[in-house]
Amino acid sequence: MAWNDERVELLKKLWSEGLSASQIAGRLGGVTRNAVIGKVHRLGLSGRATTSRMKSHRPRTRTAANARRVQQKTRFAPQGNPALRALYQPEAEPFTPSVEELVIPPKERRTIQTLTECSCRWPIGDPQAADFHFCGKTKVAGLPYCEFHARRAFQPPQPRRREREIQEPRIPALAAQGSEDKESADV
DNA sequence: CCCTGATTCGC
DNA sequence: GCGAATCAGG
């Protein structure tokens, strides 16, 4: 949605009336709170009181508090269970599973009834549906999943582009064999 | 957890 | 110029 004159005027008005950025975004529609704040800054009408010492030079290092928040929001790196933590490889390339790995042949499938001690407990399908089942392959010792699904469960977060660019370049030969790079599909 | 504005920087 | 992601704080 573009910032036409009309919308900008409304933005100025609401901002001067003291509405918060998210409230303004809600009234304008089609924009987020961030968009509103960004626009307010570019229009040069910011200066809404934030604690004065807040705006002085902000360190670029992420603080523990925000790191925790971000981590909550984004992805789960296992923290409690050492066995799971060992499996978590922050440097690993994300991978795209093949169809063969994704589809469990009906004969190998396990239901809650036929699940055994050593069956991989990765759920597949809609639990409400008749064909809901578990992977059923052999578990990795100490984990609830087979090797494939354990890796799947603890795939590292996709690095942000900014960070990615300062990382080592991908080697085509290695990248080709492991992954096609793709968004992580949901099962 | 909810929220606020401020800032950076890939696009 | 735009705005998501992030930061810093209430």
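Please read all numbers here as calculations on a predicted model, not as lab measurements. The figures here come from the full heavy-atom set of this structure, side chains too, leaving out hydrogens, waters and symmetry mates. Chain identifiers are assigned alphabetically (A, B, ...) following the order of the sequence lines, protein sequences preceding nucleic acid strands; residue numbering begins at 1 within each chain.
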Trainee: Using whole Å, report how far CG of Leu11(A) lies from C1' of dG5(B).
Mentor: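 Computing the Leu11(A):CG to dG5(B):C1' distance gives 14 Å.
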Trainee: Without decimals, in angstroms, what is the distance between Arg42(A) CZ and dT7(B) P?
Mentor: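 Result: 14 Å.
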Trainee: Ile37(A) CD1 to dT8(B) C1': how many Å, rounded?
Mentor: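 Spelled out: CD1 on Ile37(A) to C1' on dT8(B) is 13 Å.
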Trainee: Strictly distance-based, threshold 3.5 Å: is any side-chain N or O of Lys39(A) a donor or acceptor partner for the main-chain N or O of Val8(A)?
Mentor: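 Checking the backbone N and O of Val8(A) against the side chain of Lys39(A), no donor-acceptor pair under 3.5 Å is found.
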Trainee: What residues from residues 20-36 of chain A pass a heavy-atom cutoff of under 4.0 Å to DNA chain B?
Mentor: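 Result for residues 20-36 of chain A: Ser20(A), Ala21(A), Ser22(A), Arg33(A), Asn34(A), sorted by number.
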Trainee: Whole Å only: how far is the CE atom of Met1(A) from the C1' atom of dA4(C)?
Mentor: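 After rounding, the reported distance stands at 19 Å.
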Trainee: Looking at His133(A) and Asp131(A), would you say the former's side chain and the latter's main chain have a donor-acceptor pair under 3.5 Å?
Mentor: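 At least one qualifying donor-acceptor pair exists.
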Trainee: Spell out, as yes or no, whether a donor-acceptor pair under 3.5 Å connects the side chain of Arg109(A) to the backbone of Ile104(A).
Mentor: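 Yes; at least one donor-acceptor contact below 3.5 Å.
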Trainee: Is there a chain of hydrophobic side chains (I, L, V, M, F, W, Y, each step under 4.5 Å between heavy atoms) that links Leu115(A) to Val140(A)?
Mentor: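 In one cluster: no.
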Trainee: Does Glu9(A) come within less than 4.0 Å of Lys13(A), counting only side-chain N to carboxylate O?
Mentor: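 No, this pair does not count.
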Trainee: Could you give the NE2-to-C1' distance, from His41(A) to dT6(C), as a whole number of Å?
Mentor: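 The answer, rounded to whole Å, is 14 Å.
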Trainee: Parallel, tilted or perpendicular for Trp122(A) and Tyr145(A), by the 30°/60° rule?
Mentor: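 Plane angle over 60°, so perpendicular.
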Trainee: Would you say Trp15(A) reaches dG5(B)'s phosphate, i.e. side-chain N/O to OP1/OP2 under 4.0 Å?
Mentor: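 So the side chain of Trp15(A) is outside the cut-off, no N or O lying under 4.0 Å from OP1 or OP2 of dG5(B).
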Trainee: For Lys39(A) and dG3(C), is the shortest distance between a side-chain N/O and OP1 or OP2 below 4.0 Å?
Mentor: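 For dG3(C), neither OP1 nor OP2 has a side-chain N or O of Lys39(A) closer than 4.0 Å.
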